[in-house]
Engineer: 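I have a structure I would like to understand better, so I am pasting it below and will then ask my questions one at a time.
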Amino acid sequence: MASPVVTRFAPSPTGYLHIGGGRTALFNWLFARGRGGRFLLRIEDTDRERSTPEATAAILRGLTWLGLDWDGAVVSQFDRRDRHAEVAHDMLARGTAYRCFSTAEEIAAFRADAEAGGASYAVFQSPWRDADPATWPDRPFAIRMKAPRSGETVIDDKVQGRVVIRNETLDDMIVLRSDGTPTYMLAVVVDDHDMGVTHVIRGDDHLNNAARQQMVYAAMDWDIPVWAHIPLIHGPDGKKLSKRHGATGVEEYQAMGYPAAGMRNYLTRLGWAQGDAEIFTSQEAMAMFSLEGIGRAPARLDFKKLENTCGRHIAMMEDAALLHELDGYLAAAGKVPLSPEQRERLLKALPGVKDRAKTYPELIDKAHFSLISRPVFPDEAAAASLDSVSRGILRELTPRLQNASWTKDGLEPILTDIAAAHGLGFGKLAAPLRAALAGRSVTPSVYDMMLVLGRDETIARLEDAAA
RNA sequence: GGCCCGUUCGUCUAUCGGUUAGGACACCAGGUUUUCAACCUGGGAAGAGGGGUUCGACUCCCCUACGGGCUGCCA
């Protein structure tokens with residue numbers, strides 16, 4: 001039996017959940033869930049200066065909205081600092097790490113010298129690497145890994161392929177700071193090992209780090225996980241995604257009214273492909289997702305395609321689920337919640353409007369006629385079609401609706417009759433009807449509106465407009 | 001500076017030595033229509049540049065250009 005897959009998402013709690021981080025989490029989630037594995041969440045909060053509980057909460061909210069559920073409790077890296085220190089000392093005992101008494105000033109001076117000497121690279125070489133314990137001074141020390149100075153480290157990456165890094169370009173990285181706290185390079189490895197992580201799927205900004213981390217695995221004689229370094233997401237201009245590109249936080253997309261299912265679909269296709277598959281559910285994505293399908297080049301965010309994908313998902317959604325999503329959107333966007341009456345009518349209106357909206361605000365706008373109550377105030381364009389002639393036709397129409405069978409088949413002959421009687425095309429009659437029923441010139445089908453509103457409300461709105 | 005990664009239509013991508021280089025979004029034109037959208041049909045649109053290897057390169061190798069990352073007692 002193959003060992004079960006364990007993946008993890010390990011963000012730093014220094015801000016909101018970035019869209020790129022969201023995709024990294026999504027890939028880890030899809031990979032684990034598609035293979036009956038576990039998806040873990042670890043907060044990398046060892047940097048006490050920059051980590052905040054608010055940021056952690058924001059990240060959890062973002063993941064929850066995206067529908068990425070994790071297994072077990074959220075792990076705090078900071079809480080595991082004793083274990084990290086223990087491993088650092090274990091390395092010391094194994095002789096794969098050493099005490100380094102160099103101060104920050106000495107290191108800075110070393111680098112300055114190297115630079116002045118025109119060295120091609122300035123890998124710091126600690127004088128304490130092989131120092132006699134008898135010479136150890138009585139002051140705080142950092143623990144450095146004793147990295148090999150020759151040979152090469154090979155990263156066998158599922159996305160990037162075989163990456164070879166010469167060991168002489170890597171320094172003896174610090175694993176435990178002089179204040180006794182662990183560094184990221186040590187903590188990730190210890191945590192991933194202890195949590196049983198089998199596949200590390202993360203941004204390719206960590207590709208070089210993987211070489212140094214692999215040395216820690218080797219130093220501790222631990223199994224190396226499968227690496228998969230995915231390219232970062234760029235803005236539409238191809239530059240690294242930043243604030244000036246607009247929304248970079250996952251929660252901003254929620255507030256803009258993009259459905260989570262559409263976001264998942266779009267983000268999955270951003271940098272990953274399986275043949276011609278474009279629109280799919282998360283269940284389908286889990287079944288298809290593979291590390292081999294991930295591209296090697298950074299992808300750009302394309303809002304048009306995002307919108308198209310979201311529109312397809314809105315159209316696919318069940319009405320009841322859609323209504324529930326709408327409630328969530330209104331709350332997230334800080335808008336007034338729907339009243340019971342509005343919910344009831346909107347639910348009936350959804351089938352007629354959901355295939356014409358790409359986002360929730362657009363959907364609500366299309367369903368405007370179902371959310372308003374009398375009196376309906378026509379906008380300028382709608383008012384223009386309510387001239388005296390049109391109002392006369394409306395007056396003529398209402399009595400005939402009293403006894404009509406309230407179905408499209410029952411209503412259609414009546415409306416086409418009236419139009420014909422006045423020598424008008426149906427389009428000419430539809431305009432004042434839209435104005436009367438919705439107060440707008442652009443609306444869903446007039447039949448759909450009449451059926452959603454019902455006989456009494458329809459007639460009342462027509463009489464209001466005809467008066 | 002050094003090291004590492006990347007480069008197919010405007011965008012996301014397929015192709016895993018032999019294809020008229022395919023699909024999707026976007027765009028343009030036409031159709032349908034009850035406004036808008038949707039939908040249908042058609043169209044334009046790509047292998048960064050230069051060297052190799054090979055009977056044959058988008059595909060393999062090298063160089064250049066461009067983009068990105070790493071180079072911290074940050075993560």
Side-chain angles (χ1 to χ4, degrees), chain A residues 10-14 44-47 49-51 77 100 102-104 107-108 111 115 118-124 140-144 155 157 159-161 163-166 168-171 173-179 181-185 187-188 203-212 229 231-232 234 236 238-240 266 269-279 292-293 295-309 311 315 353 355-358 362 366 381-382 385 415 419 425-431 433-434 438 440-448:
Chain A
S12 305
T14 54
E44 310 227 309
D45 52 359
T46 53
D47 184 342
E49 297 291 305
R50 299 195 297 153
S51 300
Q77 190 159 64
C100 173
S102 296
T103 63
I107 297 168
R111 292 215 171 88
E115 212 166 294
S120 55
Y121 48 83
V123 173
F124 176 65
F141 58 86
I143 297 181
R144 283 185 188 271
I155 301 298
D157 194 279
V159 175
Q160 307 293 340
V163 179
V164 180
I165 291 155
R166 295 209 318 281
E168 65 196 65
T169 66
L170 267 22
D171 64 1
M173 66 176 180
I174 289 178
V175 291
L176 202 71
R177 300 185 187 98
S178 50
D179 66 359
T181 61
T183 60
Y184 161 78
M185 289 293 179
V188 215
D204 69 4
D205 48 335
H206 288 287
L207 182 55
N208 285 288
N209 292 336
R212 329 175 71 148
H229 288 92
L232 272 20
H234 286 181
K239 300 289 185 188
K240 190 179 168 184
Y266 175 73
R269 270 294 280 105
L270 196 62
W272 171 88
Q274 170 76 264
D276 289 340
E278 293 284 353
I279 301 296
E292 288 69 30
R296 293 144 299 278
R300 306 181 188 199
L301 224 40
D302 180 359
F303 283 86
K304 289 291 191 183
K305 184 151 187 176
L306 202 213
E307 286 178 4
N308 179 275
T309 303
V353 296
D355 63 348
R356 45 178 79 203
K358 294 174 165 58
E362 210 179 310
K366 303 276 186 197
S385 58
L415 296 195
F426 183 72
K428 289 290 183 191
L429 174 62
L433 284 171
R434 290 180 209 290
R440 295 181 170 190
S441 55
V442 176
T443 75
S445 150
V446 296
Y447 295 113
D448 283 352

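No experiment lies behind these values; they were computed from the predicted model shown. In what follows, every chain begins at residue 1, and chains take the letters A, B, ... in the order their sequences are listed.
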Engineer: Restricting to ring-ring contact (aromatic ring centres under 6.0 Å, His included), what partner residues turn up for A/H206, sequence neighbours left out?
Structural biologist: A/Y184
Engineer: Does B/rU15 have a Watson-Crick or wobble partner in any strand here, with both distances under 3.5 angstrom, and which is it?
Structural biologist: none
Engineer: Output the rounded distance in Å from CG (A/D157) to P (B/rG69).
Structural biologist: 18 Å
Engineer: Would you tabulate the pairs of protein nitrogen or oxygen atoms and nucleotide nitrogen or oxygen atoms of nucleotides 12-14 of chain B closer than 3.5 angstrom?
Structural biologist:
from	atom 1	to	atom 2	distance (Å)
B/rC12	OP1	A/R300	N	3.1
B/rC12	O2'	A/R269	O	2.9
B/rC12	O2	A/R269	NH2	3.3
B/rC12	O2	A/K305	NZ	3.4
B/rU13	OP1	A/G271	N	2.6

Engineer: So which nucleotide does B/rC3 pair with, by the Watson-Crick or G-U wobble rule with both distances under 3.5 Å?
Structural biologist: B/rG69
Engineer: Provide the closest heavy-atom pair for A/T309 versus A/Y266 in the form atom of the first, atom of the second, distance.
Structural biologist: CG2-N, 3.9 Å
Engineer: Hey, is the side chain of A/R111 poking within less than 4.0 Å of OP1 or OP2 on B/rU71, counting only N and O atoms?
Structural biologist: no
Engineer: Distances under 3.5 Å between protein N/O atoms and the N/O atoms of nucleotides 36-38 of chain B, please, pair by pair.
Structural biologist:
from	atom 1	to	atom 2	distance (Å)
B/rC36	O2	A/R356	NH1	3.0
B/rC36	N3	A/R356	NH1	2.7

Engineer: What nucleic acid atoms does A/T46 come within less than 4.0 Å of, heavy atoms only: base, sugar-phosphate, or nothing?
Structural biologist: sugar-phosphate
Engineer: Under a 3.5 Å limit for both distances, which nucleotide forms a Watson-Crick or G-U wobble pair with B/rC39, could you say?
Structural biologist: B/rG31
Engineer: Please state whether the base of B/rC73 and the side chain of A/S178 form at least one donor-acceptor pair under 3.5 Å?
Structural biologist: yes
Engineer: Under a 3.5 Å distance rule, please check whether A/R356 uses its side chain to pair with a backbone N or O of A/E362 as donor and acceptor.
Structural biologist: no
